[in-house]
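Model, not experiment: these values are computed from the prediction.
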Amino acid sequence: MGKRHRKQREQRGVESTRVRLEGLLANGDTRGAVEAAKQLIREQPGEESEALAVGAYAQRIRALIAEGLGREAGAMAAIVRERFPAHVVACASVLEEARLAAGDFDSILRELASAESAQRAAIEERLMPWIVDPSAIARSSALDPADPLAREAAVVAEVFEIVTARLASPDELARLNDVRRRSPLAPWKLLLRAIDAFHRNEDERVAGNIAAIDARSPAARAGTVLTELTTGTRKGERSFAAERLVDRVSGGRATITAQLRNIEAAANSDDRRRLREEIRALMRSFDKLSPYGREQARMALLSLCGGYFGPEQVASLFRIDEHGPSMERYAAILMELSGLTFGAAVWTAYAEGLLELREIEPWQAAEIYLHALALGDFDDDPFVCRDPTHGHPVDELPDTARMIEQIIGLDPAPKVLARIVPYLDRLDNKELHRVLTAWRKRDPNAPEPLLRLLKLAERERRYADAVTLVRQGDAMKILDPEYPRLRQRVLFRSAEQLLVSGKRGAAAALLEEIANENLGDDAGTWLLALRWAAAPPEKAGDLLAELAWRGVRGEIAMAEISGELGIPYALPASHASPDELLDGVRRGLALLQSVGRIPQRCAWLVERTDLYLDRATEAQLLGVGSMAFVLKMMPLAWKATARGLAIGGSSLPRALLLRAEILLAIRADPQRTLPIIEAARTLAQNAHDAELVAHAAELAHEIRFYRRMREEKLSPREIDSIVEYERARTFPTLRGPSQKKTRRKKAPPKKKLPSPSKERGLFEP
């Protein structure tokens, strides 16, 4: 073959290689294109062939990056720099992306270290899509460890190790707050919070954090995996890196899930031998789980094992030290599953043991104590041994007050302390005072303990302490709507106590302080009567005249205060019209309610309304009836309710409940009283009056021994029948004590007098 023909053949071969290279690139076969480029350079070295080869390499590098093979892309970029130095400038952007995809951040970090603040944001924005491993930034020597990005990378890397191995504490998670919102590591902060929420079974928090991750960050791909785990769905095939993350976070969840199904099938078939073997097989899979994962899987098995194996067998199957503190935890859970409330004592011992060994944080111990409190009151637990002969001190048994004090002593967050409120009602006054004082010492700004201490001081009539608490509460500016009413009652009671003890000057000073506040009209009348009681004679006349001007309300206030303080009644009787008398009694009841008092010494005034009930309104009838009932004037209260039942209207359910209270007080037939309560409850439910519904339930509770109140509502016809029947009934005649015939007692036998002597006495004639 001639030289010319050989050159033509070689030229056709080169042209076919170039055509094949261009076709492979057009079809997206970058691997084949790189091989064709190598062959083209061998066949026809030169600038043109090198340019085609570099283009093929660039497309292959981009494909490797898209597949998540950053290291391979970096290695190929190094080949391009070595073999084709003349073409590096043309593909500099691709080579830089390959370097970043391989985790080599030194060059961009050097650029970041010397950049100004305006340029720094742009560089960090460019860096963010390539951060696959935040620890690579923390390890880089190109960045000063004091740089904000280096500190953030160290925090993210450390917290990542924690949340993929166990539950993170609040303090550990709080370290993520140091990561800036616009930091290139902000998506990783959100991912770590999502992983923590995943471990805590808080799917909503998982979804919220993942939704906030920037889609350009590699953390978004990991977030997609977490979404699949929480929703139970899977979209396409996972990459190798995604599978590694799943294995790291879930600890081989798929394998363990299958084994758990086998265990459940063995339990359903009551095959104890197979169940034991399946559990042992599962325990062998626990080795690659984190400690937290092992605990979670064991918890899932307890409900199955509790009915088949004893505590010692459970400890053996679960590979637990029978004498270790974790055994107490499993024992407590088994007791709960069995419905035994004395598991609370075991929970307490478990928490105390771990605290002593310093294996848990105080906030974790507080959660255990709160869980134990939710299981019931130890004082009512029939299973707790109180026999001192059994080798344990009885006074060291756990109780509610002691557990609450332990929680407070752990110094938890204020929101954790607020969770002890439902258990405070179990305590007696002495324990409650001790617990609330400790709570206030731990959290001086909490309003709840101060309010409860104030109520306790009022209940125990320690008004000097109560006034001190009021001063502290005023400084705190408490927003609780109950506080102003409680404060007003305490100040009034304190002033009354000072008057009883003869300290008129101190009482007058306190009343002057109260007068400077914005009081309602009713409380103002009560204040006026107290100021009259504390005033010197030269000022008492003016105050008395103003009280007389207030009519029946003033009379009621004076009757109650003067009777309480033992002061002679000095207000002349008013000559009120029937309407003024009825309305004055109604407003007098509101006055006493506003200052926290019940009527005791105004029966003579309420009795005057008996002649005018036929012209009273609904509200006036309820006021007269309530006052008469409290003052034990049952016939008058009965007439007021009868008139109220005849009028009907919106106050009908209250009139019915007052009639039921009268029947309960006079010990009437419960079979008659209960339908009245049911009718009042139905009317209150129709009016959406929750307060009356609760009051009806309280009254029905007093007679539940005879019959339970029906759950369904009464029909309108049934209600009308009950109202009509009660309206027409007269006040029953109360039977007095039985007049049984007393048994006649036999008279003692008469003593026989000695027979007179026949001899004469010394003084006889």
Side-chain angles (χ1 to χ4, degrees), residues 377 380 425-426 589 592-593 598-600 603 606-607 609-610 613 616 618-740:
D377 196 343
D380 299 330
D425 296 332
R426 300 180 185 177
L589 177 63
L592 294 174
Q593 288 175 339
I598 60 173
Q600 293 179 326
V606 177
E607 189 177 11
T609 62
D610 192 3
L613 292 180
E618 300 173 30
Q620 291 170 348
L621 287 169
L622 285 175
V624 171
S626 300
M627 291 270 275
F629 175 75
V630 174
L631 292 166
K632 299 188 178 351
M633 303 167 65
M634 297 303 178
L636 178 58
W638 186 276
K639 290 178 65 175
T641 56
R643 177 64 181 161
L645 295 176
I647 294 176
S650 60
S651 63
L652 180 58
R654 296 184 182 275
L656 284 169
L657 287 180
L658 183 55
R659 173 62 64 88
E661 288 186 83
I662 297 171
L663 291 172
L664 286 172
I666 64 176
R667 300 180 183 277
D669 184 6
Q671 300 294 339
R672 174 186 174 184
T673 308
L674 193 59
I676 300 174
I677 299 174
E678 291 174 342
R681 184 200 59 180
T682 300
L683 292 172
Q685 288 176 335
N686 294 339
H688 304 289
D689 193 331
E691 182 182 355
L692 283 184
V693 173
H695 185 40
E698 291 175 3
L699 294 179
H701 183 74
E702 297 184 23
I703 54 176
R704 65 176 182 173
F705 177 78
Y706 296 92
R707 194 181 77 189
R708 294 186 62 183
M709 189 164 56
R710 289 177 289 178
E711 297 293 335
E712 65 276 4
K713 293 182 179 180
L714 271 62
S715 66
R717 180 174 296 179
E718 290 176 314
I719 295 174
D720 291 341
S721 174
I722 292 170
V723 171
E724 185 63 28
Y725 176 79
E726 288 298 327
R727 185 184 65 81
R729 299 279 291 190
T730 59
F731 185 71
T733 304
L734 300 180
R735 291 182 296 178
S738 59
Q739 302 290 334
K740 289 186 178 180

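Not a single donor-acceptor pair under 3.5 Å links the side chain of Ser626 to the backbone N or O of Gly623.
Atom CG of Leu663 and atom CZ of Arg672 lie 5.0 Å apart (nearest 0.5 Å). With rounding to the nearest 0.5 angstrom, the CG atom of Asp720 is 8.5 Å from the OG atom of Ser715. Rounding to the nearest 0.5 angstrom, the gap separating the NE2 atom in His695 from the CZ atom in Arg654 is 9.0 Å. Taking NZ from Lys632 and CD from Gln600, the interatomic distance works out to 10.5 Å, rounded to the nearest 0.5 Å. Annotation: the span from Ile676 atom CD1 to Glu726 atom CD amounts to 3.5 Å, rounded to 0.5 Å.
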Next on the checklist: Show, in sequence, the C-alpha distance, side-chain angles and deciding distance for Glu724 and Arg727, and conclude whether the salt bridge (Lys or Arg N to Asp or Glu O under 4.0 Å) test is met.
Outcome noted: CA-CA 5 Å; Glu724 185 63 28; Arg727 185 184 65 81; 2.8 Å; yes

Next on the checklist: Under the criterion side-chain contact (heavy atoms from CB on, under 4.5 Å), I'd like the reasoning laid out for Leu589 against Leu622: C-alpha separation, chi angles, the key distance, then a yes or no.
Outcome noted: CA-CA 10 Å; Leu589 177 63; Leu622 285 175; over 6 Å; no

Item to check | Check against side-chain contact (heavy atoms from CB on, under 4.5 Å), Leu656 and Leu645 | outcome: CA-CA 7 Å; Leu656 284 169; Leu645 295 176; 3.6 Å; yes

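The heavy-atom pair separating Leu683 from Pro653 by the smallest distance is CB-CB, 4.0 Å. Closest of all the heavy-atom pairs between Phe629 and Glu661 is CE1-O, 3.6 Å. Here the shortest heavy-atom pairing between Ala655 and Thr641 reads O-CG2, 4.0 Å. Across all their heavy atoms, Val624 and Val606 have their closest contact at O-CG1, 4.4 Å. Listed here is the closest heavy atom pair of Thr682 and Ile719: CG2-CD1, 3.8 Å. Met634 and Ala665 make their closest contact through CE-CB, 3.8 Å (heavy atoms, listed as atom of the first residue, atom of the second, distance).
Using a 4.5 Å heavy-atom threshold, the side chains of Ile703 and Ile677 count as touching. Looking at Ile666 and Pro732, their side chains come closer than 4.5 Å, going by heavy atoms from C-beta outward. At a threshold of 4.5 Å between non-hydrogen side-chain atoms, the residues Phe731 and Lys639 do not count as touching. Residues Thr673 and Leu699 form no side-chain contact, since every pair of their non-hydrogen atoms from C-beta on lies 4.5 Å or further apart. Side-chain contact between Gln620 and Arg643 is absent, with no heavy-atom pair separated by less than 4.5 Å.
Under the side-chain contact (heavy atoms from CB on, under 4.5 Å) test applied with Leu714, the options Glu712, Glu718, Arg717 reduce to a single match, Glu718.
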